[in-house]
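What you see is a predicted model; the values in this text were computed from it and never measured.
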Amino acid sequence: MFLVFHLVLSAIVTAATQEVNVYSYRQPFLIKPMFDEFTKETGIKVNVRFAKKGLAEKLIREGEHSPADVILTVDISRLADLTNKGLVQKVANKVIEKNVPPQYRDKENEWFGLTVRARSVYSSKDRIGKLSKDFTYDDLAAPKFKGKICTRSGKHPYNLSLVSAMIAHKGEEKTKEWLIGMKKNLARKPQSNDRGQIKAIKEGLCDLSLGNSYYLGKMFNDEEQSVWAKSVHINFPSQKEAGTHVNISGMAMAKYAPNRDNAVKLMEFLTSKKAQEMYAEINYEYPVKEGVKISDLVRSWGDFKADTVPLSKIAANHTIAVRLLDEVKFDL
């Protein structure tokens, strides 16, 4: 009798612990469909805590008592920050390694890319038209675009990574000159988000803006924002040079993950063909897993050459990038 009771109790406890806790910089609505499908397939509940910033500090405060299992980020800089602060652990897993190409994962398997996004340039259909194949990021500093460019803060991770990539290609001095030139061309003080820049183009405040590629797809499927999206062309700069700058959304396992086995299952799922197809269709991102079909809308934008500078090198340049942005007072 006692044995039966013990077995039943163990089953109840096991069922109660079938969960995985995610700390996410990615907005919940962008990843909920994938989590719902994961729970449907495995029975493992996904608990998500979202934050725009401060997750590293939260993990440090919580220490070994942290409930976090998996951490999701929107760019390489935050993945590198988590790694440098010793807040993640290695995950040696053949499934994940097979699904994620080497250029999109850490050499020590401490972080893995999930999706790729291009740092594109949007141009007004009415006032600028489609940019030529010769257009480069350098051209954003050309005098002919004085007063015509909108962008969010230079220190936002998306722009910070672009500046870091420029440092990798051009060096500090040339990158500083580029930032000075682009600042002169700004139509307004850096503000808002990537969607806000496309809205500004629609409203005639500027003619060009920087923006992640997937935002355009999301805007086309928003009743209010589709009008803004239809007012611009998407362009992929530097095709005759190093290629268009790309960044990743990614994941890492928290250092003290209390539900490690479930965390591994979730990480495997997020790199699987099914989840990668969902990222492509729902969020208009480029999958990291090879052979996964991109959405028809994204395909309509055309192919582009992506910059191959290592993401680890970009992350290593972030401190320099911040200093240069401060020196030129880019956001002021």
Side-chain angles (χ1 to χ4, degrees), residues 9-32 34-100 102 104-115 157 247-272 275 279 288 311-312 315-316 318-319:
L9 181 61
S10 296
I12 293 173
V13 172
T14 299
T17 57
Q18 288 303 297
E19 62 181 11
V20 60
N21 301 314
V22 175
Y23 279 14
S24 177
Y25 279 118
R26 296 218 71 181
Q27 293 175 298
F29 75 91
L30 292 173
I31 48 181
K32 186 177 185 300
M34 280 66 84
F35 290 164
D36 288 346
E37 183 63 27
F38 173 73
T39 299
K40 179 181 176 182
E41 289 190 10
T42 65
I44 299 172
K45 180 183 177 183
V46 182
N47 306 309
V48 184
R49 295 187 184 183
F50 166 73
K52 287 186 177 181
K53 58 183 179 179
L55 285 183
E57 291 72 20
K58 182 177 179 62
L59 288 164
I60 291 172
R61 289 196 305 272
E62 292 174 342
E64 62 184 280
H65 302 295
S66 175
D69 294 307
V70 176
I71 309 163
L72 298 183
T73 78
V74 295
D75 68 304
I76 183 58
S77 65
R78 288 185 172 129
L79 284 171
D81 184 52
L82 292 167
T83 301
N84 294 336
K85 290 176 178 175
L87 298 172
V88 300
Q89 60 175 288
K90 297 179 182 179
V91 178
N93 181 278
K94 294 186 182 301
V95 173
I96 299 173
E97 290 175 23
K98 181 181 179 181
N99 289 337
V100 182
Y104 297 130
R105 54 181 159 89
D106 177 53
K107 291 181 180 179
E108 302 299 324
N109 289 329
E110 290 191 330
W111 56 258
F112 303 88
L114 289 174
T115 62
N247 206 329
I248 59 171
S249 71
M251 64 180 179
M253 183 181 291
K255 183 176 182 179
Y256 300 107
N259 302 294
R260 194 180 194 284
D261 290 345
N262 291 345
V264 170
K265 290 178 182 178
L266 177 61
M267 295 173 76
E268 287 181 344
F269 175 78
L270 292 176
T271 66
S272 70
Y279 273 119
V288 295
L311 294 175
S312 57
H318 279 182
T319 300

Exercise. Hey, could you give me the CD1/OH distance between I76 and Y104, rounded to the nearest 0.5 Å?
Key: 11.5 Å
Quiz item: In a check of side-chain contact (heavy atoms from CB on, under 4.5 Å) between M251 and each of I96, L266, T73, which one passes?
Solution: I96
Quiz item: Distance from I44 atom CD1 to N262 atom CG, nearest 0.5 Å?
Solution: 3.5 Å
Quiz item: Looking at CD of E37 and OG of S272, how far apart are the two atoms once the value is rounded to the nearest 0.5 Å?
Solution: 9.0 Å
Self-check item: Heavy-atom pair of closest approach, residues W111 and T83
Solution: CD1-OG1, 3.4 Å
Quiz item: Of all residues at least two apart in sequence or in a different chain, which pass the side chain to side chain donor-acceptor pair (under 3.5 Å) check with K85?
Solution: D81
Quiz prompt | Contacts of type side chain to side chain donor-acceptor pair (under 3.5 Å), residue E268, not counting sequence neighbours | solution = N93
Exercise. Answer yes or no: is there a side-chain heavy-atom contact under 4.5 Å between L270 and L72?
Key: yes
Practice problem: Determine the minimum heavy-atom distance between A252 and V88, stating which atoms define it. | Solution: CB-CG1, 3.6 Å
Below 3.5 Å, can you tabulate the donor-acceptor pairs from side chains in residues 47-57 to any protein atom, sequence neighbours excluded?
unit_1	atom_1	unit_2	atom_2	d
N47	ND2	E19	OE1	3.2
N47	ND2	N21	OD1	2.9
R49	NH1	Y23	OH	3.1

Exercise. Could you list the residues that satisfy side chain to side chain donor-acceptor pair (under 3.5 Å) with N99, not counting sequence neighbours?
Key: T271, K289
Quiz item: Are there more than 12 heavy atoms of other residues, nucleotides or ligands under 6.0 Å from atom CG of D261?
Solution: no
Self-check item: Exercise: identify the closest heavy-atom pair between A68 and P258
Solution: O-CD, 3.5 Å
Quiz item: Does F38 have any ring-ring contact (aromatic ring centres under 6.0 Å, His included) partners at least two apart in sequence or in another chain, and if so, which?
Solution: F269
Exercise. To the nearest 0.5 Å, tell me how far K255 NZ sits from L87 CG.
Key: 7.5 Å
Self-check item: S66: partners by side chain to side chain donor-acceptor pair (under 3.5 Å), with sequence neighbours left out
Solution: E62
Quiz item: Given side chains that start at C-beta, do those of L82 and I71 come closer than 4.5 Å, heavy atoms only?
Solution: yes
Quiz item: Please walk me through it: do V264 and M253 pass side chain to side chain contact (heavy atoms under 4.5 Å, CB included)?
Solution: CA-CA 8 Å; V264 170; M253 183 181 291; 3.5 Å; yes
Self-check item: Shortest non-hydrogen contact between Q89 and A254, atoms and distance
Solution: NE2-O, 2.8 Å
Self-check item: Which atom of R26 lies closest to which atom of S249, heavy atoms considered
Solution: NH1-OG, 3.7 Å
Quiz item: Is there a donor-acceptor pair closer than 3.5 Å between any side-chain N or O of D69 and the backbone N or O of N259?
Solution: yes
Quiz item: Nearest 0.5 Å, what's the CD1-OH distance between I31 and Y279?
Solution: 6.5 Å
Quiz item: Got V95 and M267 here, is their nearest side-chain heavy-atom distance under 4.5 Å?
Solution: no
Quiz item: Between CG of L79 and CG of D106, what distance do you get to the nearest 0.5 Å?
Solution: 9.0 Å
